[in-house]
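Below: one structure, written as structure tokens.
When a residue number appears, it is its place in the shown sequence, counting from 1. Both counts, for ligands and for their atoms, begin at 1 and track the order of listing.
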Amino acid sequence: MRQVIIIGSGPAGYTAAIYAARANLEPLVVASSVEAGGELMNTTDVENFPGFPEGIQGPDLMTKMQEQAERFGAEVLYDDVVSLDLDGPVKKVTLGSGAVHEAASLVFATGSAPRKIGIEGEQRLSGRGVSYCATCDGFFFREKAIAVVGGGDSAMEEATFLTKFASKVYVIHRRDELRASKIMQDRAMANEKIEFVWNAAVVDVLGEDAVTGVVLEDTVDGSRRELALEGVFVAIGNDPRVHLVHDKLDLTGEGTVWVDGRTSRTSVPGVFAAGDVIDPTYRQAVTAAGSGTVAALDVEHYLAALGEAGAPAVDADQIEGLPEADAA
Ligand code: NAP
């Protein structure tokens with residue numbers, strides 16, 4: 001049995017792994033088979049992660065975090081968790097390969113997934129003109145007119161990035177005021193290829209086999225019109241990935257995993273959570289990393305308490321590598 005398994009390989013998961021590995025907890029990181037590295041793998045320039053004054057590419061930052069965790073002994077598995085058994089002191093993690101891993105503690109850091117608008121054409125034309133990742137798919141829209149839906153930092157970032165390829169980028173926002181930070185707004189507004197469509201909701205995506213346009217509804221007067229385009233990038237925020245635990249851990253009203261105050265302790269002893277999956281508000285790479293630190297330190301304290309009077313009934317002798325001083 002492991003001391004700790006970390007589920008997720010974004011900034012929260014890898015930072016938890018760095019701290020846990022440096023504390024000789026020999027963490028196993030389940031990094032996902034296709035989405036290893038988390039949301040930053042779909043990002044270009046990261047300009048606000050401290051320590052990189054010139055900025056750093058999202059994937060490069062994640063590679064560095066992984067290397068740092070592995071340097072101290074973290075083991076990374078590219079597989080997906082299919083089910084979790086969190087009952088009792090021994091946590092069981094079943095992977096897509098069928099392998100079952102056991103640990104005395106768990107860090108749940110599965111991040112968040114792109115939010116969908118929730119209209120029929122969106123689903124049908126996903127991958128055929130509807131995309132959730134500008135850096136992944138922008139290249140396919142050379143000299144085409146496309147739209148980005150949303151008014152936050154992600155929408156501004158995606159729109160600005162997409163002007164490298166597209167001939168025209170509409171930013172469709174449901175209000176007349178952006179949520180994005182000033183610097184991101186200014187950059188998008190100064191870009192000649194970007195045109196803002198205010199007070200507009202996308203109510204249908206048109207096209208048989210590929211996107212040919214969208215139907216827009218004016219959010220003020222309710223009138224409808226069509227806008228011809230060949231691509232729609234949806235950037236309307238993210239939802240926490242909680243499908244593995246929605247009936248196992250308490251959730252908040254906002255759908256994130258509930259944690260106890262400023263700690264990473266969930267409603268189940270020995271299970272800790274970190275990063276976007278607990279954060280409905282800040283959701284930055286650096287806050288996720290800080291949250292991963294908290295989780296690793298909470299895990300350390302939890303493991304150190306095993307074997308003490310009143311501690312959860314797990315046999316400390318069964319945990320590989322648990323230092324005797326900590327178990328006592
Ligand atoms: P966000 O800040 O939650 O913004 C989501 C945007 O989508 C809002 O403008 C919202 O409209 C709109 N929206 C939400 N649901 C919608 C729906 N069903 N239909 C149409 N529009 C909808 O999400 P985000 O832009 O992904 O950013 C998330 C976090 O990551 C933020 O903290 C952001 O600062 C951070 N981030 C930072 C950077 C950077 O600094 N480089 C880059 C990307 C993201 P309303 O405004 O009307 O609510």
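Atom CZ of Arg22 has 12 or fewer neighbouring heavy atoms from other residues, nucleotides or ligands inside a 6.0 Å radius. Within 6.0 Å of atom CZ in Arg175, more than 12 heavy atoms from other residues, nucleotides or ligands are found, so the atom counts as buried in its surroundings.
Taking the charged nitrogens against the carboxylate oxygens, Arg187 and Glu47 do have a contact shorter than 4.0 Å, which makes a salt bridge.
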Check ligand 1 for close polar pairs with the protein: N or O on both sides, less than 3.5 Å.
{"from": "ligand 1", "atom 1": "3 (O)", "to": "Arg283", "atom 2": "NH2", "distance (Å)": "3.4"}
{"from": "ligand 1", "atom 1": "9 (O)", "to": "Gly151", "atom 2": "N", "distance (Å)": "3.1"}
{"from": "ligand 1", "atom 1": "9 (O)", "to": "Gly152", "atom 2": "N", "distance (Å)": "3.4"}
{"from": "ligand 1", "atom 1": "11 (O)", "to": "Arg174", "atom 2": "NE", "distance (Å)": "3.2"}
{"from": "ligand 1", "atom 1": "11 (O)", "to": "Arg174", "atom 2": "NH2", "distance (Å)": "3.4"}
{"from": "ligand 1", "atom 1": "25 (O)", "to": "Asp153", "atom 2": "N", "distance (Å)": "3.2"}
{"from": "ligand 1", "atom 1": "25 (O)", "to": "Ser154", "atom 2": "N", "distance (Å)": "2.9"}
{"from": "ligand 1", "atom 1": "25 (O)", "to": "Ser154", "atom 2": "OG", "distance (Å)": "3.2"}
{"from": "ligand 1", "atom 1": "26 (O)", "to": "Ser154", "atom 2": "OG", "distance (Å)": "2.6"}
{"from": "ligand 1", "atom 1": "32 (O)", "to": "Tyr282", "atom 2": "O", "distance (Å)": "3.2"}
{"from": "ligand 1", "atom 1": "32 (O)", "to": "Gln284", "atom 2": "NE2", "distance (Å)": "3.0"}
{"from": "ligand 1", "atom 1": "34 (O)", "to": "Asp153", "atom 2": "OD2", "distance (Å)": "2.6"}
{"from": "ligand 1", "atom 1": "34 (O)", "to": "Gln284", "atom 2": "NE2", "distance (Å)": "3.3"}
{"from": "ligand 1", "atom 1": "40 (O)", "to": "Asn48", "atom 2": "ND2", "distance (Å)": "3.0"}
{"from": "ligand 1", "atom 1": "41 (N)", "to": "Glu157", "atom 2": "OE2", "distance (Å)": "3.3"}
{"from": "ligand 1", "atom 1": "46 (O)", "to": "Arg175", "atom 2": "NE", "distance (Å)": "3.4"}
{"from": "ligand 1", "atom 1": "46 (O)", "to": "Arg175", "atom 2": "NH2", "distance (Å)": "2.7"}
{"from": "ligand 1", "atom 1": "46 (O)", "to": "Arg179", "atom 2": "NE", "distance (Å)": "3.0"}
{"from": "ligand 1", "atom 1": "46 (O)", "to": "Arg179", "atom 2": "NH2", "distance (Å)": "3.4"}
{"from": "ligand 1", "atom 1": "47 (O)", "to": "Arg174", "atom 2": "NE", "distance (Å)": "3.0"}
{"from": "ligand 1", "atom 1": "47 (O)", "to": "Arg175", "atom 2": "NE", "distance (Å)": "2.7"}
{"from": "ligand 1", "atom 1": "48 (O)", "to": "Arg174", "atom 2": "NH2", "distance (Å)": "3.1"}
{"from": "ligand 1", "atom 1": "48 (O)", "to": "Arg179", "atom 2": "NE", "distance (Å)": "3.3"}
{"from": "ligand 1", "atom 1": "48 (O)", "to": "Arg179", "atom 2": "NH2", "distance (Å)": "2.6"}

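For Glu217, the salt bridge (Lys or Arg N to Asp or Glu O under 4.0 Å) partners are Arg224, not counting sequence neighbours.
Taking the ring centre of Phe165 as origin, the terminal cationic atom of Lys193 falls outside the region bounded by 6.0 Å and 45° from the ring axis.
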If you apply the rule side chain to side chain contact (heavy atoms under 4.5 Å, CB included), what do you find for Arg225 with Val197, and how did you get there? CA-CA 12 Å; Arg225 69 180 171 108; Val197 182; 3.5 Å; yes

